[in-house]
There are 2 protein chains.
Amino acid sequence: MPNLPNLQNDLGFDFYVASRLVSQAYREPLQELGLTYPQYLVMLVLWEEDGQMVSQIGEKLQLDSGTLTPLLKRLESANLIHRNRSESDERKVVIELTYPGKALQAKAKDIPEKIGTSLNSWEENELTNLSTLTKKLIKDFTQTNSWKK
Amino acid sequence: MPNLPNLQNDLGFDFYVASRLVSQAYREPLQELGLTYPQYLVMLVLWEEDGQMVSQIGEKLQLDSGTLTPLLKRLESANLIHRNRSESDERKVVIELTYPGKALQAKAKDIPEKIGTSLNSWEENELTNLSTLTKKLIKDFTQTNSWKK
DNA sequence: ATAAATTGAATTGTGAACAATATATCTTGT
DNA sequence: ACAAGATATATTGTTCACAATTCAATTTAT
């Protein structure tokens, strides 16, 4: 990026690049599980709590059905999840892990340590600092975009 | 995101969300200029220095020709740039701003201040701290992904 | 000088992200 | 009960990200 005098543009650009680098770093280890990074995030959410609605997953990942529906269909094709309409409310689609989907959690356990070996050398408070400030930025921008939804 | 005990996954997820929120925040103001966020970044690079090769732009934005070629063709269709093969080396494609492309810089000037009003209330050192740490993470992950390229 | 390797961009194919719209189901107000 | 509104997901269409491959132009090594 050029040497912008503008911290705002600069910061946005940095997040744009950082996000893609993180996703790329996960690519190789995730490939062994047959997952993309967004699919991995969905699986993390489901491993945390099985049987969630599409909208619940969407809320946690800040994604809408336009993104999630096709992604979830791919996870279904891969036999990792089932998609079933709720009986009590036919509008809702409940996502449940299949047995292979549950079993994959064990294989995914050591994904994080396969990555970011460089992060391991960071000072503890640098990491928590970055984490805290990033979450703060997320909070601010979530409000900025409040016209959405 | 679930309350992961894992800072690594957590941080990656935060960057994933933050990046999309930033891009969404830019969407509305950029729409008036007829630009998407990635297109805006390309224009910033060109406003900084006109007449760059595709690969130079790619290096600055960390994007390859698979992403840039179609994006640049759209900017060409919008009459913001010209794409011409270099005479000295026919493999190279030189990107030059058209007059409307140059003129757009003036309109884009106050894009940043239209956004992130919330960022303005941050402590100065919080912003620079976040910026510094994000750049450090980028550096680390760039090396992690060094098998690429 | 020419075959082999390299380089720069384009192409192909897959998966995301998201606006806008559609569709079906459920809820509310009267 | 039923029309009007709200809700949950799906669909359509555009743009991006990126791996893998292709193709032409240039560089190099012999």
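All figures in this text were calculated on a predicted structure; none of them were measured in a lab. No hydrogens, no waters, no symmetry mates; every other heavy atom, side chains included, goes into these values. Proteins come first, then strands; the chains are lettered A, B, ... in the order of their sequence lines, and each starts at number 1.
Counting atom types as modelled, R91(A) pairs a side-chain N or O with a base atom of dT7(D) as donor and acceptor under 3.5 Å.
At least one side-chain nitrogen or oxygen of Y16(A) sits closer than 4.0 Å to the OP1 or OP2 atom of dA17(D). The side chain of R27(A) contributes an N or O atom lying less than 4.0 Å from OP1 or OP2 of dA19(D). Between Q39(B) and the phosphate of dC16(D), there is a side-chain N or O to OP1/OP2 separation shorter than 4.0 Å. One finds no side-chain N or O of S65(A) lying less than 4.0 angstrom from the OP1 or OP2 phosphate oxygen of dT11(D).
Nearest-nucleotide assignment on DNA chain C puts the 5′-proximal partner with P38(A), out of P38(A) and E87(A). When each of T67(A) and Q31(A) is assigned the nucleotide of DNA chain D with its nearest heavy atom, T67(A) is the one assigned upstream, toward the 5' end. Of the two residues near DNA chain C, T36(A) and K92(B), the one whose nearest nucleotide lies more 5' is K92(B).
Straight-line distance from the CD atom of E28(A) to the C1' atom of dA19(D): 13 Å, rounded to whole Å. The distance between atom CG of D64(B) and atom C1' of dT21(D), rounded to the nearest whole Å, is 12 Å. For the pair L68(A) CG and dT9(D) P, the interatomic distance rounds to 10 Å; values are reported in whole Å. L63(A) has its CG atom 17 Å from the P atom of dA8(D), to the nearest Å. L41(A) places its CG atom 14 Å from the C1' atom of dG15(C), with the value rounded to the nearest Å. In this structure, M43(B) atom CE and dC16(D) atom P are separated by 13 Å, rounded to whole Å. In this entry the distance linking CD of Q52(A) with C1' of dA8(D) reads 15 Å, nearest Å. In this structure, Q62(A) atom CD and dA19(C) atom C1' are separated by 17 Å, rounded to whole Å.
Taking the side chain of M53(B) as heavy atoms from C-beta on, and the options dA16(C), dG8(C), dA10(C), the nearest nucleotide is dG8(C). Comparing dC18(D), dC18(C), dT9(D) by their nearest atom to the side chain of S55(A) picks out dT9(D). With dT7(D), dT9(D), dA17(D) as the candidates, the nucleotide lying closest to the side chain of V54(A) is dT9(D). Of all nucleotides listed (dA17(D), dT25(C), dT15(D)), dT25(C) comes nearest to the side chain of E90(A). In this structure, the nucleotide among dA10(D), dC18(D), dA19(C) sitting nearest to the side chain of Q24(A) is dC18(D).
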Check your understanding: Can E96(A) and K102(A) be said to form a salt bridge (Lys or Arg N to Asp or Glu O under 4.0 Å), step by step?
Key -> CA-CA 9 Å; E96(A) 282 173 314; K102(A) 289 176 185 169; over 6 Å; no

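Looking only at distances, a side-chain donor or acceptor of T98(A) sits under 3.5 Å from a matching main-chain atom of N79(A).
One hydrophobic cluster holds both L33(B) and L46(B) under the rule that ILVMFWY side chains link at heavy-atom gaps under 4.5 Å. Under the 4.5 Å side-chain heavy-atom criterion for Ile, Leu, Val, Met, Phe, Trp and Tyr, F15(B) and W122(A) are members of the same hydrophobic cluster.
With salt bridges taken as basic N to acidic carboxylate O contacts below 4.0 Å, none links R85(A) and E90(A).
At a non-hydrogen distance threshold of 4.0 Å, L71(B), R74(B) from residues 71-84 of chain B come into contact with DNA chain D.
The aromatic rings of Y16(A) and Y37(B) lie perpendicular to each other, with more than 60° between the two planes, well past the 30° mark. Ring planes of W47(B) and Y40(B): perpendicular class, angle over 60° (limits at 30 and 60°).
Q52(B) is listed as a side-chain neighbour of E49(B), based on a closest heavy-atom distance under 4.5 Å.
Residue contacts for S86(B): at a heavy-atom cut-off of 4.0 Å it reaches no nucleic acid atom on any strand shown.
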